[in-house]
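Everything on this sheet refers to the single structure shown next.
Each chain gets a letter, A, B and so on, in the order its sequence line appears, and its residues count up from 1. Because the structure is a prediction, the values reported are computed rather than measured. As a basis for the values below, the full set of heavy atoms in this structure was taken, side chains included, without hydrogen atoms, waters or symmetry mates.
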Amino acid sequence: MPKNPRQLAADAARAAILAAYEQAVVTGALPAGAPGQFDVSEPREKGRGDLASNFAMVWAKPLGLPPHKIAEAVAGELDLSGTVAAAEVAGPGFVNLRLSADWYADTLLAIEQAGDDYGKSEGGRGRKVQVEYVSANPTGPMHLGNARGGVLGDTLSTILEWTGCDVTREFYLNDAGNQVDLLGRTMQARYFELLGDPDRYPMPEDGYHGEDVIENARRYLELYGDKLAEADEGARVAELRDFALEQNIARMKADLARYRIRHDVFFPESSLYETGAVEQTLDRLDKNGALYEQDGALWFAASRYGVEKDDVLRKSNGFYTYYAADIAYHHNKFVTRGFDEVIDIFGADHHGHSIRFKAGMAALGIDPERLRFVLIQFVRLLRDGEVVRMSKRTGKAVSLADLLDEIPVDAARFFFCSRQNDTAMDFDLDLAVKQENDNPVYYVQYAHARICSILRNLAAEGVTPRPADSLDLRLLVAEEERDLIRHLGDFPQQLILAARDLDPSRLTKYVSEAASLFHRFYTACHVRGEQEALMQARLKLCQLTGQVLRNTLGILKVTCPERM
RNA sequence: GCGCCUGUAGCUCAGUCGGAUAGAGCAUGUGCCUUCUAAGCACAGGGCCCGGGGUUCGAAUCCCUGCAGGCGCGCCA
């Protein structure tokens with residue numbers, strides 16, 4: 001199992017503190033009875049040691065002694081021959097600890113040993129997780145919210161894999177229902193428009209006004225001509241609809257690929273009807289007494305499961321609502337396919353769904369806690385200081401493909417992962433081009449390119465990195481070196497936290513900080529020209545920093561240039 | 001009206017589930033290339049953490065309450 005240096009340090013510090021306390025009890029310096037609960041964390045500010053603990057303040061009350069006295073007594077008994085090398089009492093009663101040279105050396109050894117796998121952990125082993133993201137309606141081009149959700153879901157899936165989970169990445173394809181029928185009728189209107197007969201089937205009331213529908217109709221005419229002009233309307237609409245869907249889905253897949261967003265499964269909504277899954281799920285709900293009929297419609301008594309209002313599952317015209325299909329879909333996820341946990345990534349405008357879906361699961365006897373949601377706020381697009389509305393209906397939407405024509409994929413992915421999910425984003429297109437040069441992603445990539453450059457230059461002089469265990473890594477004592485190593489040692493823990501919080505933005509923050517610490521090290525410490533032993537140790541630090549940058553950017557699917 | 005989210009430097013945002021003198025990037029100002037990439041580094045200025053109560057050794061963080069903004073509340077999806 002790969003090592004987690006940060007965790008090792010914290011555990012060692014905790015054990016040392018507890019042992020020192022036991023000793024202080026034996027000598028009579030402190031009374032027995034201190035609780036085992038206290039923090040060991042990295043001090044917020046530099047210069048206060050490598051780790052800090054608040055145990056003295058936590059114990060002050062139960063032991064009936066001032067924090068300072070407890071801290072002094074414990075610090076005096078600390079074993080400083082292991083992972084902890086120094087301790088001092090500070091502030092209101094914090095004890096600041098310094099890690100030993102061995103810990104720093106061991107951390108680098110652990111990174112080298114794990115290599116491309118450094119950062120992986122096993123806490124999620126055996127957990128079957130499904131992540132659903134994008135799931136855009138195939139009725140038109142995707143918008144920027146889809147791009148954000150897609151990048152987020154894709155990255156989150158990778159993060160979960162790194163913590164050991166068995167992850168399935170899924171796209172729910174809404175290829176049934178009203179929206180899709182409307183697409184077919186819009187296609188029909190455009191079809192006749194292009195044939196020079198616009199009045200025969202005028203644009204439906206809520207039809208799709210986007211250029212893309214006209215494009216699809218034109219494409220159909222080019223391929224198959226006017227053969228549908230005299231066909232039965234039902235058949236015509238169906239054929240045009242299916243053609244448009246096929247075109248749109250192909251384009252969505254191509255756009256997603258450009259963003260390096262990957263899915264394992266495209267799950268068609270229509271299959272839920274074809275296999276009878278919707279009816280079966282409704283039967284199950286009925287058996288559980290969660291349904292009732294009123295005004296000719298079939299209702300789900302959601303209010304019994306914590307939702308304010310009940311919802312219709314089957315309309316009085318006999319058709320199912322989207323909600324019925326969605327409950328069936330989630331039943332399929334949990335029961336038919338046996339996922340332990342399901343994560344849905346939705347736009348914040350769908351947050352009503354999260355409560356309703358959970359109610360549906362509860363009514364089916366599935367623990368709602370197994371269903372988690374990541375709600376992402378809209379990406380607001382600004383051009384010339386004005387908000388550009390993103391609506392498929394208006395036809396003025398800026399699609400995610402358009403964005404890539406202006407912003408490189410690396411920058412877009414990094415940007416979408418750089419904010420917490422539940423904060424709204426403004427994407428200023430005028431600034432975006434300008435931002436290209438001071439975008440944080442270039443800062444990180446530059447650090448990587450610098451490292452490659454050092455390795456290249458020294459290799460040209462015949463100096464190549466040697467295995468870490470053959471080097472004296474204890475020579476790395478400069479503050480810049482140790483800050484960097486400590487941060488490298490924190491990587492596995494950051495991944496665990498990112499997985500826990502479903503928050504990829506931890507990684508963009510982490511890697512930016514790593515780059516910053518490297519740049520500082522680079523400025524303060526030379527590699528080339530130093531004495532052999534120190535040069536080799538620093539070269540190793542450079543190489544392993546590059547390793548961690550590659551691992552992190554690899555998860556984010558951002559490229560690591562060797563030259564810039 | 002009800003529900004969810006947000007309010008921290010001029011701007012964009014962090015703040016490790018309650019800790020020490022509230023941080024970073026951009027922007028502004030000043031320094032640093034005669035040895036590894038200046039797409040970099042260092043220093044400086046800049047704050048009523050939206051307002052008001054409460055909880056405790058200790059609050060940007062937790063609770064209550066106002067205010068402001070975003071989103072949602074269809075037999076649409």
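Residue A/Lys509 places no side-chain N or O under 4.0 Å from the OP1 or OP2 atom of B/G25. Contact between the side-chain N/O atoms of A/Asn457 and the OP1/OP2 oxygens of B/U37 is found at a separation under 4.0 Å. For A/Arg520 and B/C41, the shortest distance from a side-chain N or O to OP1 or OP2 is not below 4.0 Å. In this model, the phosphate group of B/C57 is approached by a side-chain N or O of A/Lys61 to a distance below 4.0 Å at OP1 or OP2. Residue A/Asn174 has no polar side-chain atom (N or O) positioned under 4.0 Å from OP1 or OP2 of B/A77.
One C1' atom belongs to B/C63, the other to B/G1, and the distance between them is 25 Å to the nearest Å. For the C1' atoms, the distance linking B/G66 with B/A22 amounts to 25 Å, nearest Å. Rounded to a whole angstrom, the distance from the P atom of B/C43 to that of B/A60 is 26 Å.
Each of A/Tyr323 and A/Tyr443 has a nearest nucleotide on RNA chain B; the 5'-most of these lies closest to A/Tyr443. Take the nearest nucleotide of RNA chain B for A/Thr523 and for A/Phe94: the residue whose nucleotide is more 5' is A/Phe94.
When both pairing distances are held under 3.5 Å, B/A42 makes a Watson-Crick or G-U pair with B/U30. Across all strands shown, the partner of B/G72 is B/C2, judged by Watson-Crick or G-U wobble contacts whose two distances both fall under 3.5 Å.
Between A/Phe357 and A/Phe373, the ring-plane angle classifies as tilted under the 30° and 60° cut-offs.
With ring centers used as reference points, A/His353 lies 6.0 Å or more from A/Tyr323.
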